[in-house]
> 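Dropping a structure here in structure tokens format, bear with me for questions.
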Amino acid sequence: MASLQARTGREKQRYEGQLRLVAGCIPYRLEQNVEVCYSNSENKLLVLMISSPNRKDLVFPKGGWEEDENMRDAACREALEEAGVKGILSENPLGFWVFRSKSRQNSCNLEGGCKGFMFALKVTEELDSWPEQALHERKWLTIEEAFKFCRYDWMRDALNIFLTTFSKEKPIGMREESVELPIRPLSDAGDECQMASSGCFGKPSSVQHLQNSSSKCIVQG
């Protein structure tokens, strides 16, 4: 794994108008609930969050979607680079959020706007080392804990949609129905390119058919 390198620079960054395109995911896994281990009838749902440099709160892995990859590839790559996990990505995004940034490094674009798509990722492999390990620590959390650590309202919104999708009888990415989401105006998000609490939403059906089926993430180093 030492040969893996995180992508740097923005030469291949995708834009939609003035908005920088971003892709990310909510990594998750099921493990036996020790409180009911004797019945062997219940699994605990855990989600993975990562730390950010000089911040105490946690975020989900995400980053820029580049010209030489599709949206799902970008989400898989960011999960590998930032969190060191691989797995099965949902066929369709949970939704998208439009947000602004006041980053000192102008990390989105000249207008400070980003459009981010979030997926669900069923983790099948957790690496011992990963490209941005020095920048991001990872932490498995229960849903209740994850809600408490969410930096912005967009994260709670995405987590709620994830839970709604996960609770359906069909696996994530195989749902036929869509989730209606309210449209909200752009607003400032703070000093990083993060999805703001009042970011715009779009329903998942507006970005469907990016891929024909869920697939194992294979990311080139």
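Any value given below was found using the heavy atoms of this structure, including those in side chains, with hydrogens, waters and symmetry copies removed.
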> Looking only at heavy atoms, what is the nearest atom pair of Gln133 and Asp128, with distance?
NE2-O, 3.5 Å
> If we only count heavy atoms from C-beta on, is the Ile26 to Leu94 side-chain gap below 4.5 Å?
yes
> For residues Arg14 and Met71, determine if any side-chain heavy atom of one lies less than 4.5 Å from a side-chain heavy atom of the other.
no
> Say you draw a straight line from OH of Tyr152 to CE of Met155; how long is it, rounded to the nearest 0.5 Å?
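It comes to 9.5 Å.
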> With the side chain counted from C-beta on, respond yes when Lys86 and Cys76 share a heavy-atom pair under 4.5 Å apart, and no when they do not.
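Lys86 does not reach Cys76 side chain to side chain.
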> Look at the rings of Tyr28 and Phe166 and say which category their plane angle falls in: under 30° parallel, 30 to 60° tilted, over 60° perpendicular.
perpendicular
> Look at the aromatic rings of Trp65 and Phe117 and report parallel, tilted or perpendicular, splitting at 30° and 60°.
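Taking Phe117 first and then Trp65, their aromatic rings stand perpendicular (interplane angle over 60°).
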> Kindly indicate whether the side chain of Lys115, heavy atoms from C-beta on, has any atom under 4.5 Å from the side chain of Glu16.
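Side-chain contact under 4.5 Å: yes.
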> Could you tell me whether the side chain of Trp97 reaches within less than 4.5 Å of the side chain of Met118, counting heavy atoms only?
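Contact flag for Met118/Trp97 side chains = yes.
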> Using modelled atom types and a 3.5 Å cut-off, is there a donor and acceptor pairing between side-chain atoms of Asp73 and backbone atoms of Glu69?
no
> Answer yes or no: is there a side-chain heavy-atom contact under 4.5 Å between Leu89 and Cys25?
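Sidechains of Cys25 and Leu89: in contact.
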> Could you give the distance from CG (Leu141) to NZ (Lys148), rounded to the nearest 0.5 Å?
11.0 Å
> Please report the closest heavy-atom contact between Arg77 and Glu66, naming both atoms and the distance.
NH2-CG, 4.1 Å
> Between CZ of Phe162 and CG of Leu121, what distance do you get to the nearest 0.5 Å?
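The CZ atom of Phe162 sits 9.5 Å away from the CG atom of Leu121.
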> Which heavy atom of Val85 sits nearest to which heavy atom of Arg138, and what is that distance?
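For Val85 versus Arg138, the nearest heavy atoms are CG1-NH1, 4.4 Å.
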> With a 4.5 Å heavy-atom cut-off, do His136 and Pro53 have their side chains touching?
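Sidechains of Pro53 and His136: in contact.
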> Flag the pair Ile50 / Glu137 as yes when at least one side-chain heavy-atom distance between them is below 4.5 Å, and no otherwise.
no
> Checking the side chain of Trp130 only, and the main-chain atoms of Glu82 only, is there a donor and an acceptor separated by less than 3.5 Å?
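Indeed, once roles are kept as given, a pair shorter than 3.5 Å links the two residues.
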> With rounding to the nearest 0.5 angstrom, report the CD to CZ distance, Glu91 to Phe119.
10.0 Å
> Any donor and acceptor pair, going by atom type alone, linking the side chain of Arg29 with main-chain N or O of Leu46 inside 3.5 Å?
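A pair under 3.5 Å: no.
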> In Å, rounded to the nearest 0.5 Å, how long is the span from CZ of Phe60 to CZ of Phe149?
12.0 Å
> Look at the side chain of Glu145 and the backbone N and O of Thr142, then say whether any donor-acceptor pair between them is shorter than 3.5 Å.
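Side chain of Glu145 to backbone of Thr142, a donor-acceptor pair under 3.5 Å: yes, one is there.
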> Is a side-chain donor or acceptor of Gln13 paired with a backbone partner of Leu21 at a separation under 3.5 angstrom?
yes
> Please answer: with hydrophobic residues joined when any side-chain heavy atoms are less than 4.5 Å apart, are Leu135 and Leu48 in the same cluster?
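Cluster IDs for Leu135 and Leu48 differ.
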